[in-house]
Protein chains: 2
Amino acid sequence: MPKQTFFNLPEKKRQTLLNAAEKEFSRVPLYEASVANIIKESGIPRGSFYQYFDDKEDLYYYLLNRYTVKMKELLLQSLQKQDGDLLGAFGDFFAKVIYQQTNERNVKFLKNAFLHVAQKMELSFSRIFLDKSHPRFEDILDYVDSSRLNIRDEKDLHHIIQIITAVIFRNFVEKYANNLTNEEAAARFHKDLQLLKDGLYKEK
Amino acid sequence: MPKQTFFNLPEKKRQTLLNAAEKEFSRVPLYEASVANIIKESGIPRGSFYQYFDDKEDLYYYLLNRYTVKMKELLLQSLQKQDGDLLGAFGDFFAKVIYQQTNERNVKFLKNAFLHVAQKMELSFSRIFLDKSHPRFEDILDYVDSSRLNIRDEKDLHHIIQIITAVIFRNFVEKYANNLTNEEAAARFHKDLQLLKDGLYKEK
DNA sequence: CATTGTAAGTGACACGGTGTCATAAGTCAA
DNA sequence: TTGACTTATGACACCGTGTCACTTACAATG
């Protein structure tokens, strides 16, 4: 978190700084962004910057957090609008976020946030399952028994693979982030698979 | 991709370099890793390193790709073992990966790979929905109509939220990575929600 | 209003990492 | 032996980070 000193700053100076930061983080992802650019843009001396923030990341996650707070607000609205229907609310929420981002800078900021994270790593990971150019194996989809799946065409199958990839990925993250035992991690993932299989909603 | 020069190297030298690289990338995530350490460890001159690789990332993704190739092999085995049962295969696969990683260096390499990516960003994102300390709002779960959901207890609800978070996150990534139109992105996400709702499997 | 103590501001600088480039060394065929 | 090409090498220019000794601002106090 930014230091108290930062919050004591006159409104205008603080805004100038945040503005310059948002500009820089919209230009490039976190690890390519530089404090040098932010202070040049905002005219803040280098020493002052480090008076306010521990480092680049400190400022970045402060900004990101402001975005997520707004998102939470949107999700809540969606939930109320949809009378507590969870998936309906998420659908509404997703649309709201993407349609509402008309400010180019916001779009780029979010783009960098989502991409930096995922582009290289998760995409490389999901390529395991979908990329036909991956060496040594025929397309893995040939081995899937589609007859048991709730799908109409190949496109649906891709959706299913995407969903499972996202979920298994998150399970790996959780296991490693929280140092779960193998048993605990396997149990959690099994539960997720069960829910995916049967559906998140009760049968009508 | 590494240059041909790298593959022309004598086996031993190449192994020494890859070994040093894996050690460094196991020690810290990609953006904290340094070429300096890798060449010090392997005794390769700096100039040579840049003869073989464009940069740090070039080498990193080459290593990561070797991991994913192994994973693809494992997934294929699981699929065959489970007679094409998709979710069964993924369950088997997940267990195989986590139980099989007994080499401490491998574990750390994967840990850094999964975490670097996700820890900060996606966790910050999922906190929107789960973190009670997030400002300004009562716990969002209070607004969810649980009666429609296929759950027995609060733990199940958390699983459901985790699943949806993973899927919506991936949808944001796809939208921004591939510059999907809002309509296309919304349609894809809607399809995912439909699948989640009804379940990935046909009813028995 | 001078004094003094505390908080904030500042920029030069030491440090460390990156990628390049001029030069040296190796290889091989004529 | 020579020439043409490929590979090896490490010194170096460049750039960004975070710190620190010093300055300035400001508020409380006698």
Self-check item: Rounded interatomic separation in angstrom, taking CD1 from B:I38 and C1' from C:dT18
Solution: 13 Å

Quiz item: Could you give the OH-to-P distance, from A:Y52 to D:dG18, as a whole number of Å?
Solution: 17 Å

Self-check item: Value in whole Å for how far the P atom of D:dT17 lies from OH of A:Y31
Solution: 13 Å

Quiz item: For A:S48, which contact category applies under a 4.0 Å heavy-atom criterion: base, sugar-phosphate, or nothing?
Solution: base

Quiz item: Could you give the CD-to-P distance, from A:E32 to C:dG17, as a whole number of Å?
Solution: 20 Å

Quiz item: If every non-hydrogen atom of A:S26 is compared with every non-hydrogen atom of A:K108, which pair is closest and at what distance?
Solution: O-CB, 3.5 Å

Quiz item: Which atoms form the tightest heavy-atom contact between A:I38 and A:A20, and what is the distance?
Solution: O-CB, 3.7 Å

Self-check item: Toward the 5' end of DNA chain D, by each residue's nearest nucleotide, B:K13 or B:R46
Solution: B:K13

Practice problem: Would you classify B:L9 as touching base, sugar-phosphate or nothing, given that sugar-phosphate means primed atoms plus P, OP1 and OP2, and contacts are heavy atoms under 4.0 Å? | Solution: sugar-phosphate

Exercise. Please report, rounded to the nearest Å, how far the P atom of C:dC21 is from the CZ atom of B:F49.
Key: 18 Å

Quiz prompt | Whole-Å gap separating P (D:dG18) and CG (A:L59) | solution = 12 Å

Self-check item: For the student: nearest non-hydrogen atoms of A:D54 and A:K3, plus distance
Solution: OD1-CE, 3.3 Å

Quiz prompt | Integer-rounded Å distance: D:dA25 P and A:N8 CG | solution = 18 Å

Exercise. Among the candidates D:dT17, C:dG19, C:dG11, find the nucleotide nearest to the side-chain atoms of B:D55.
Key: C:dG19

Quiz item: What is the nucleic acid contact for B:S34, judged by heavy atoms within less than 4.0 Å: base, sugar-phosphate only, or nothing?
Solution: sugar-phosphate

Quiz item: Has B:K70 got its NZ or CZ under 6.0 Å from the middle of the six-membered ring of B:Y67, at an angle within 45 degrees of the ring axis?
Solution: yes

Quiz item: Knowing that exactly one of A:D145, A:I161, A:L196 qualifies, which makes a side-chain contact (heavy atoms from CB on, under 4.5 Å) with B:L86?
Solution: A:I161

Quiz prompt | Separation of C:dG11 P from A:Q51 CD (nearest whole Å) | solution = 13 Å

Quiz item: Among C:dA8, C:dT20, C:dG9, which is the nearest nucleotide to the side chain of B:Y50?
Solution: C:dT20

